[in-house]
Amino acid sequence: MPKRTTKKNSTTTLKQSKQPDGPPERNFFEDVWDVVRLIPKGRVSSYGAIANYLGTRMSARMVGWAMNASFHAHIKVPAHRVVNRNGMLSGKHHFSTPTLMQELLEKERIQVKDDTVVNFEKLFWDPAKELGL
DNA sequence: TTGTTGACCTCTT
DNA sequence: CAAGAGGCCAACA
């Protein structure tokens, strides 16, 4: 397989991606929020897993942005259950308090050691796997 | 309007 | 084994 010529199509300016008639509430963010909301209590997930479930594993970055927007969302999103691939609480600093994320996790019987979820592999909740892809 | 940054992940050198 | 670069889409300056 030839390596992907990541040339980035500069000509694909894309369209406005804004449909005047279509439902505007169909963003990448809402999908992320929906998946995160489905995360059972006491479980944790990763950005990559969610992105993969959505179909774009490369867009893991956007998942993080979605979390940031989750605070502005009208829906309650357990962003503390989402961590990076290493199980580290990367976004703890973005909470109201840097320790809030850890506190919330501990409240759900999730042990956090050194900003890292203990037994992350066991507590890991893969949407594509649990939801059946 | 363009350009840069961002709670990431994966491959390559 | 460690470090670097590439890629995704959206918000902010």
Side-chain angles (χ1 to χ4, degrees):
Chain A
M1 263 0 229
K3 58 181 173 183
R4 308 171 182 157
T5 49
T6 53
K7 197 106 183 243
K8 194 196 259 188
N9 305 340
S10 53
T11 50
T12 53
T13 315
L14 294 177
K15 49 200 84 164
Q16 307 290 330
S17 73
K18 178 147 198 183
Q19 302 177 336
D21 291 330
E25 305 306 327
R26 192 175 289 163
N27 300 340
F28 193 88
F29 288 41
E30 290 221 347
D31 278 350
V32 175
W33 298 337
D34 193 16
V35 176
V36 174
R37 218 178 307 147
L38 292 174
I39 299 176
K41 190 174 180 184
R43 297 276 192 189
V44 290
S45 187
S46 63
Y47 307 95
I50 298 170
N52 188 14
Y53 173 71
L54 295 176
T56 59
R57 71 180 199 195
M58 298 181 185
S59 305
R61 248 178 168 195
M62 307 301 74
V63 179
W65 259 108
M67 296 291 100
N68 189 8
S70 69
F71 287 97
H72 197 277
H74 299 278
I75 323 172
K76 209 163 55 168
V77 180
H80 60 275
R81 292 181 192 158
V82 184
V83 294
N84 63 356
R85 208 23 180 130
N86 296 322
M88 190 154 98
L89 296 104
S90 44
K92 65 162 194 181
H93 228 316
H94 280 261
F95 279 76
S96 307
T97 54
T99 53
L100 178 61
M101 191 172 183
Q102 183 171 339
E103 289 286 322
L104 291 172
L105 288 173
E106 287 183 350
K107 243 173 209 187
E108 304 203 352
R109 311 301 164 187
I110 299 177
Q111 299 177 348
V112 179
K113 203 71 167 184
D114 198 19
D115 296 341
T116 309
V117 177
V118 181
N119 298 334
F120 172 68
E121 296 180 358
K122 286 198 161 192
L123 299 175
F124 182 71
W125 184 81
D126 192 345
K129 197 171 193 174
E130 299 293 329
L131 298 178
L133 185 74

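Numbers restart at 1 for each chain; the letters A, B, ... are given by sequence-line order, proteins then strands.
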Given [options], which nucleotide is nearest the side-chain atoms of [X]?
| X | options | value |
| --- | --- | --- |
| A:Phe95 | B:dA7, C:dC8, C:dA11 | B:dA7 |
| A:Ser90 | C:dC8, B:dA7, C:dA11 | B:dA7 |
| A:Phe29 | B:dA7, B:dC9, C:dA10 | C:dA10 |

Could you give the distance separating [M] and [N] at their [atom1] atoms, to the nearest angstrom?
| N | M | atom1 | answer |
| --- | --- | --- | --- |
| B:dC8 | C:dC1 | P | 24 Å |
| C:dC8 | B:dT1 | C1' | 22 Å |
| C:dA2 | B:dA7 | C1' | 24 Å |

Going by heavy atoms in the side chains, are [X] and [Y] under 4.5 Å from each other?
| X | Y | result |
| --- | --- | --- |
| A:Leu89 | A:Leu105 | yes |
| A:Phe124 | A:Arg43 | no |
| A:Leu131 | A:Trp125 | yes |

Give A:Ala66 one of three labels, base, sugar-phosphate or nothing, depending on what nucleic acid heavy atoms sit under 4.0 Å from its own.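 Contact class for A:Ala66: none.
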
Tell me what A:Asn84 touches on the nucleic acid: a base, only sugar-phosphate, or nothing, going by heavy atoms under 4.0 Å.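 Sugar-phosphate contact only.
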
Figure out the [atom1]/[atom2] separation between [X] and [N], and round it to whole Å.
| X | N | atom1 | atom2 | answer |
| --- | --- | --- | --- | --- |
| A:Met62 | B:dA7 | CE | C1' | 11 Å |
| A:Met67 | C:dC9 | CE | C1' | 15 Å |
| A:Arg85 | B:dC9 | CZ | C1' | 9 Å |
| A:His72 | C:dC12 | NE2 | C1' | 14 Å |
| A:Leu54 | C:dA10 | CG | P | 12 Å |
| A:Met58 | C:dA5 | CE | C1' | 14 Å |
| A:Asn68 | B:dC8 | CG | C1' | 14 Å |
| A:Asn86 | B:dA7 | CG | C1' | 13 Å |

Would you find more than 12 non-hydrogen atoms of other residues, nucleotides or ligands less than 6.0 Å from A:Gln111 atom CD?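 Not more than 12 within 6.0 Å, no.
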
Carefully, step by step, assess A:Val63 and A:Val35 under the rule side-chain contact (heavy atoms from CB on, under 4.5 Å). CA-CA 11 Å; A:Val63 179; A:Val35 176; over 6 Å; no

